[in-house]
Visitor: 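Here it is: the structure, laid out below.
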Amino acid sequence: MVETLPGFAGEMIARVRAPLAQAWTLPVAAYTSGEVYAREEARIFRRSWWPLARLDQVGSPGDYLSLDLAGQPVMVVHGHDRKVRVLSRVCRHRAALVAEGAGNRKLFTCPYHSWSYDTGGALVRAPLMEGAEGFDPAACNLTEIRSEIWEGFILANLDAEAPPFAPQVDTYTRYFENFRLSDLIVARTLEFEHGWNWKVLVENFMEAYHHIGVHPETFEPAFHARDSRVPESDGPWSILHMPSAHPDEPSILPPPPGLEDWQAKDLFASVAFPHFLLGIQGASVLWYQLFPNGPDTLSLKIHICLPFWLQEAEGFEEIVEGTAQFATAIHMEDIAANDSVWAGLSAPLTGQGRLSPLEKSIWQMNQWWLDQMTGV
């Protein structure tokens, strides 16, 4: 099959497809082109699994959380029937949004014409519809979006034909099974707005090569770039393993029961494609939740996730605050780097660059990205 993509010459794709030791980055158009981004929306974002929330964020019946899924306004709702669903927030009457933000409700009442829906999405009130021939309230329920729960994360996919998430990441799940990700709660959320393409952030997250330039006093002394490694992948995911430079030092937080020493001390970055990002060290997990808003802009939430049982530890709030301060400091260093990358990608003479063998995760994602963007 001849692979084609708007703005990509054949030799550009061949460079990306080369083995890692010979590979190049994606062409600049992959980051800057509005036409390419529209293709991503159609072929990737609206066909992929997105992590929307943790179960603890909608822990009680009536709890809901509003967000957008690839342009579709949705809400994660804990129904009064105890089932967690992902529902469209678009009223079935004239398309106004029935909810914003987060909270707890028994009914979602559209502010436009007061149609009301229960927490299962059923239309329970449609005032002044007498005389509308053939009107069937049961045919006007909020649209339910396909969802799946994996390790306490609630994921959704707009594509009814997409393969289930869990089987695709079976090896990935087993790699992290000792970390007991299902025990996590969201302790705090940091929010950012950025003016880059979403792949700039994902690529930065998934390589330790930049520790030497961007984090010389934070990450590099603790996790040497040269020691990082990436295992082989058998699905739409990649893992970056960063061994501790000081494995004999005690852990700051008590690790989850069952972790081996190296698991408790080492740092892991992972991505389930396209942009489900987790940074894992011992009991602490940073979930980077991305919302691409165009070829040159994205919203980011960094969720600080800790095991529920750590809430009982003395000084839990200090642990959360310390983790938030460190996560912010690291991200501020990455912001400066990504700003610089975006300035370069926006320049007229910029072309493809060579990948380092330390950037295997980027290479793995590029292969998947091309498969999605050029396939049927």
Side-chain angles (χ1 to χ4, degrees), residues 20 23-26 28 30-32 190-230 238-247 249 252 265-271 273-282 284-290 292 296-304 322-347 350-366 369:
L20 175 60
W24 295 62
T25 64
L26 292 173
V28 171
Y31 306 89
T32 61
L190 312 172
E191 299 192 33
F192 301 88
E193 298 292 328
H194 294 310
W196 335 297
N197 183 269
W198 65 277
K199 294 185 292 299
V200 170
L201 189 149
V202 174
E203 291 174 356
N204 175 268
F205 192 88
M206 289 305 301
E207 52 92 350
Y209 187 20
H210 74 283
H211 287 188
I212 56 178
V214 178
H215 308 299
E217 297 178 358
T218 49
F219 269 160
E220 176 60 18
F223 307 100
H224 299 324
R226 64 178 180 270
D227 296 331
S228 64
R229 51 185 182 264
V230 175
S238 183
I239 294 171
L240 171 65
H241 178 190
M242 294 164 277
S244 171
H246 309 286
E249 290 187 358
I252 296 176
K265 303 294 177 58
D266 294 356
L267 177 64
F268 303 86
S270 70
V271 56
F273 304 144
H275 51 56
F276 181 6
L277 301 174
L278 297 177
I280 302 171
Q281 186 187 25
S284 176
V285 176
L286 297 181
W287 166 29
Y288 278 52
Q289 187 179 30
L290 275 67
D296 60 355
T297 182
L298 65 92
S299 301
L300 170 67
K301 294 182 178 182
I302 301 178
H303 302 284
I304 297 167
T323 305
Q325 290 183 7
F326 183 74
T328 300
I330 292 295
H331 190 56
M332 295 304 291
E333 293 176 345
D334 284 328
I335 287 172
N338 291 345
D339 282 345
S340 179
V341 167
W342 190 246
L345 286 171
S346 303
T350 303
Q352 288 173 277
R354 283 296 302 271
L355 285 178
S356 162
L358 292 175
E359 296 170 309
K360 184 176 178 180
S361 281
I362 296 175
W363 180 84
Q364 289 175 336
M365 179 165 166
N366 288 349
W369 187 88

Visitor: Name all residues meeting the side-chain hydrogen bond (donor to acceptor under 3.5 Å, both in side chains) criterion together with Ser284; count only those two or more places apart in sequence or in a different chain, and write none if there are none.
Guide: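 Partners of Ser284 by the side-chain hydrogen bond (donor to acceptor under 3.5 Å, both in side chains) criterion come out as none, since no residue qualifies.
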Visitor: Are Ser238 and Phe273 side-chain neighbours, meaning at least one heavy-atom pair lies under 4.5 Å?
Guide: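 They are in side-chain contact.
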Visitor: Which residues pass the ring pair (Phe, Tyr, Trp, His ring centres under 6.0 Å) test with His275, not counting sequence neighbours?
Guide: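 Counting only residues at least two positions away or on another chain, His275 forms a ring pair (Phe, Tyr, Trp, His ring centres under 6.0 Å) with Phe45, Trp50, Trp198.
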Visitor: Measure the shortest side-chain to side-chain distance between Glu207 and Ile362 over non-hydrogen atoms and say whether it is less than 4.5 angstrom.
Guide: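 Yes. Closest side-chain heavy atoms under 4.5 Å.
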Visitor: With under 30° as parallel and over 60° as perpendicular, where do the rings of Tyr288 and His331 fit, or are they tilted in between?
Guide: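 Geometry flag for His331 against Tyr288: perpendicular rings.
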Visitor: Do side-chain atoms of Thr350 reach the backbone of Gly344 as a donor and acceptor pair under 3.5 angstrom?
Guide: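 Answer holds: yes.
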Visitor: Could you pull out all residues at least two apart from Val214 that satisfy side-chain contact (heavy atoms from CB on, under 4.5 Å)?
Guide: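 In terms of side-chain contact (heavy atoms from CB on, under 4.5 Å), with neighbours along the sequence ignored, Val214 is linked to His210, Glu333, Asp334, Ala337.
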Visitor: For Thr297, what residues pass the side-chain contact (heavy atoms from CB on, under 4.5 Å) criterion, not counting sequence neighbours?
Guide: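 Partners of Thr297 by the side-chain contact (heavy atoms from CB on, under 4.5 Å) criterion, ordered by chain and then number, come out as Asn293.
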Visitor: Look at the aromatic rings of Phe219 and Phe223 and report parallel, tilted or perpendicular, splitting at 30° and 60°.
Guide: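 Phe219 and Phe223: perpendicular rings.
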Visitor: Could you tell me whether the side chain of Gln364 reaches within less than 4.5 Å of the side chain of Met206, counting heavy atoms only?
Guide: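 A side-chain contact is absent here, since even the closest heavy-atom pair is not under 4.5 Å.
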Visitor: Counting distance only, does the side-chain N/O of Lys265 pair as donor-acceptor with the main-chain N or O of His246 below 3.5 Å?
Guide: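 Not a single qualifying donor-acceptor pair exists.
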Visitor: Contact between Ser228 and Leu240 at the side-chain level, heavy atoms closer than 4.5 Å - yes or no?
Guide: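 In short, these two side chains touch, coming nearer than 4.5 Å.
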Visitor: Quick one, Thr32 and Asn197 - any side-chain contact, counting heavy atoms below 4.5 Å?
Guide: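 Result no, sub-4.5 Å side-chain heavy-atom pair not found.
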Visitor: Spell out, as yes or no, whether a donor-acceptor pair under 3.5 Å connects the side chain of Glu220 to the backbone of His215.
Guide: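 Looks like no, no N/O pair under 3.5 Å.
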Visitor: Would you compute the distance between atom CD of Gln289 and atom CZ of Phe276 and round it to the nearest 0.5 angstrom?
Guide: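 The CZ atom of Phe276 is 9.0 Å from CD of Gln289, to the nearest 0.5 Å.
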Visitor: Rounded to the nearest 0.5 Å, how far apart are CH2 of Trp369 and NZ of Lys199?
Guide: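 Between atom CH2 of Trp369 and atom NZ of Lys199 there are 5.5 Å.
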Visitor: With rounding to the nearest 0.5 Å, note down the distance linking CG in Asn366 to CG in Leu355.
Guide: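 Result: 6.5 Å between the selected atoms.
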Visitor: Are side-chain heavy atoms of Phe205 and Val271 found at a separation under 4.5 Å?
Guide: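 Phe205 does not reach Val271 side chain to side chain.
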Visitor: Give the minimum heavy-atom separation between Val202 and Met365, together with the two atoms involved.
Guide: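 Minimum heavy-atom contact is CG1-SD, 3.6 Å.
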Visitor: With sequence neighbours excluded, tell me which residues meet ring pair (Phe, Tyr, Trp, His ring centres under 6.0 Å) with Tyr209.
Guide: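 Expected list: none.
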Visitor: Could you measure the distance from the NE2 atom of His211 to the CZ atom of Arg226? Nearest 0.5 Å is fine.
Guide: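 The NE2 atom of His211 sits 13.0 Å away from the CZ atom of Arg226.
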Visitor: Roughly how far apart are Ile330 CD1 and Ile335 CD1, rounded to 0.5 Å?
Guide: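 Spacing of CD1 (Ile330) from CD1 (Ile335) equals 11.5 Å.
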Visitor: Would you indicate whether the side-chain heavy atoms of Pro243 and His241 approach each other to under 4.5 Å?
Guide: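 SC-SC contact between His241 and Pro243 confirmed.
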Visitor: If only atom types and distance count, is the side chain of Asp296 paired as donor or acceptor with the main-chain N or O of Trp196 below 3.5 Å?
Guide: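 A pair under 3.5 Å: no.
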Visitor: Of all residues at least two apart in sequence or in a different chain, which pass the salt bridge (charged side-chain N to carboxylate O under 4.0 Å, His left out) check with Lys360?
Guide: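 For Lys360, the residues satisfying salt bridge (charged side-chain N to carboxylate O under 4.0 Å, His left out) (neighbours in sequence not counted) are Glu232.
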Visitor: Using the side-chain contact (heavy atoms from CB on, under 4.5 Å) rule, pick out the option among Ile304, Thr328, Val285 that qualifies with Thr323.
Guide: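 By the side-chain contact (heavy atoms from CB on, under 4.5 Å) criterion, Thr323 pairs with just one of Ile304, Thr328, Val285: Ile304.
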Visitor: In the structure I gave you, are the side-chain heavy atoms of Leu277 and Leu201 within less than 4.5 Å of one another anywhere?
Guide: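 The answer is yes, as the side chains (C-beta and beyond) meet within the 4.5 Å cut-off.
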Visitor: Measuring from Met242:CE to Ile280:CD1, what's the distance to the nearest 0.5 Å?
Guide: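 Answer for the CE-CD1 pair, Met242 versus Ile280, is 10.0 Å.
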Visitor: Can you give me the closest heavy-atom contact between Gly213 and Pro216, atom names plus distance?
Guide: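 Closest pair (atom of Gly213, atom of Pro216, distance): O-CD, 3.8 Å.
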Visitor: Kindly give the heavy-atom pair with the smallest separation between Ala327 and Leu286, and that separation in Å.
Guide: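 Where Ala327 meets Leu286 most closely, the heavy atoms are CB-CD1, 3.8 Å.
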